[in-house]
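Residue numbers start from 1 in every chain, and the chains themselves are labelled A, B, ... in the order their sequence lines are given, proteins ahead of strands. Since the model is a prediction, treat every value here as computed from it, not as a measurement.
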2 protein chains.
Amino acid sequence: MANSEKRQEILNAALELITEHGFHGAPIAAIAQRAGVGAGTIYRYFATKDILIIELFQELHDKICEYLMEGYEEEQPFRTRFLHLSTALLRYFITNPQEFRYLEQYFNSPYGVEFRRDKILKSEGDGMPYRVLFEEGMRQQVVRDLPVVVLFALTFGPLLAVARDHILGFVDLDERLLVQTVEACWDSVKVCPMELAKKNVYPAAE
Amino acid sequence: MANSEKRQEILNAALELITEHGFHGAPIAAIAQRAGVGAGTIYRYFATKDILIIELFQELHDKICEYLMEGYEEEQPFRTRFLHLSTALLRYFITNPQEFRYLEQYFNSPYGVEFRRDKILKSEGDGMPYRVLFEEGMRQQVVRDLPVVVLFALTFGPLLAVARDHILGFVDLDERLLVQTVEACWDSVKVCPMELAKKNVYPAAE
DNA sequence: GGTCTCGGAGTGAACGTTCACTCCGCTATA
DNA sequence: TATAGCGGAGTGAACGTTCACTCCGAGACC
């Protein structure tokens, strides 16, 4: 087994075991066994278990970002762009349940809080298509005038919840239902036409 | 210290420590110390640590249900009822951050999955005002025709996410913003007037 | 009333288990 | 043979749980 192959085997084994049994139910010894290496070998590639967990997250994160941007076009209208990103994200999750479960655990742990703190506080839009979409959309009165954090919550909250429920078997998200769900999310983020009309006709009323 | 007082002290200590450090960062020894009792005493009230965790959850759950139903009136229109429940829930969370953090951890663990499996599979609406609201709302074409699980996701997904972000200090949810957020949730759950009109005029188109 | 007895709640040191991590001998390759 | 990478038994710390013991207040008896 080549060098980098062994590293990948360790990451795969960690993904599988952590997905099945959680961070605390996946001891280094078990990861080593499933990867077909010795326990000590893991420490030749990752200084600590924490670092293994973080690097695994970063690999998955990069993979998803790449997937989301496939076929994404800045020139499309806001709604189209939102639907593209969100359906792609949801579709990725339900076709890669293992990766989803890992990410879910990661975000619901102190690791994830740190990650989000970084992302939110540094206000650059680099590589964050959603942020750009929301900020530009607010300027053009297509997206509600709410803090970006709230818009994120309105979008990712439902998406993560339905993905989880689908994977747990609580609902069967076929393509039609998936699109309906994402459209519903959009309706919570967009400025609805009636509100917009009211604002423009009686600007002082607000 | 009376008998039941001691039990409450243990529950309080567990709530504090688990909120601060997670399930795995709150050893029985530490809970006992904070509660001012011996480690062995805890096992006179709770057979295992798991049972302590589950009973603590049930106490908090009951408390919230009671709070939500204060001033709730079945006769009000759907939107009013939805806003009542959801603003109450969100307000409860941000004024009781410790309880929220505990519930969040609980739901994001195997305990929570079991709980939700029970709640979803038994389709009785007993003590579940949201479920009644959604099912009745769908029949009257006020709420979108989606699986109840998806409607739950559209509602609780954003609410939990913004509550968490408020508590972590990523956003400041004042009363105005809180209501705006809940209204946005409603817009993802309700049937929007244009859709309804379309459906009624061209019923065959769908 | 004073003293003795007893039941059971309370205690915390000790136990067995599990874990992340280390260390040193082994092996494959050149 | 020399070297670099690897393996897995070993290590100490930390955990949930147990159990032999302490302590105290309520009755029983004088």
**Asked** How many Å lie between CD1 on A/Ile10 and P on D/dG5, as a whole number?
**Response** 14 Å

**Minimum heavy-atom distance between B/Pro129 and B/Leu85, given as atom pair plus value** = CB-CD1, 3.9 Å

**Request:** Show the numbers, then the answer: is there a side chain to side chain contact (heavy atoms under 4.5 Å, CB included) between B/Phe78 and B/Glu136?
**Result:** CA-CA 9 Å; B/Phe78 289 105; B/Glu136 207 188 323; 4.0 Å; yes

**Message:** Between P on D/dC15 and CD1 on B/Ile31, what's the gap in Å once rounded to a whole number?
**Reply:** 11 Å

**Asked** Between A/Gln33 (CD) and D/dA9 (P), how many Å, whole number?
**Response** 11 Å

**Request:** Report the C-alpha separation of B/Glu183 and A/Arg144 in whole Å, then their side-chain angles, then the decisive distance to 0.1 Å, and conclude whether the salt bridge (Lys or Arg N to Asp or Glu O under 4.0 Å) test is met.
**Result:** CA-CA 11 Å; B/Glu183 284 172 345; A/Arg144 290 174 204 233; over 6 Å; no

**Item:** Residue whose closest nucleotide on DNA chain C lies nearer the 5' end, B/Arg44 versus A/Asp50
**Value:** B/Arg44

**Asked** Within the pair A/Lys6 and D/dC6, is there a side-chain N or O less than 4.0 Å away from OP1 or OP2?
**Response** yes

Mind listing the N/O atom pairs, protein and nucleotides 17-20 of chain C, below 3.5 Å?
residue : atom : partner : partner atom : Å
C/dA20  : OP1  : A/Lys49 : NZ           : 2.3
C/dA20  : OP2  : A/Ile28 : N            : 2.8

**Message:** Contact between A/His84 and A/Glu70 at the side-chain level, heavy atoms closer than 4.5 Å - yes or no?
**Reply:** no

**Asked** What is the distance from CZ of A/Phe46 to P of D/dG5, rounded to the nearest Å?
**Response** 16 Å

**Ring-face cation contact, A/Phe82 with A/Arg79, 6.0 Å cut, 45° max** = no

**Asked** If you find the nucleotide of DNA chain C closest to B/Ile42 and the one closest to A/Ala47, which residue's nucleotide is nearer the 5' end?
**Response** B/Ile42

**Item:** Note, A/Ile18 side chain near A/Tyr106 side chain (heavy atom, < 4.5 Å)
**Value:** no

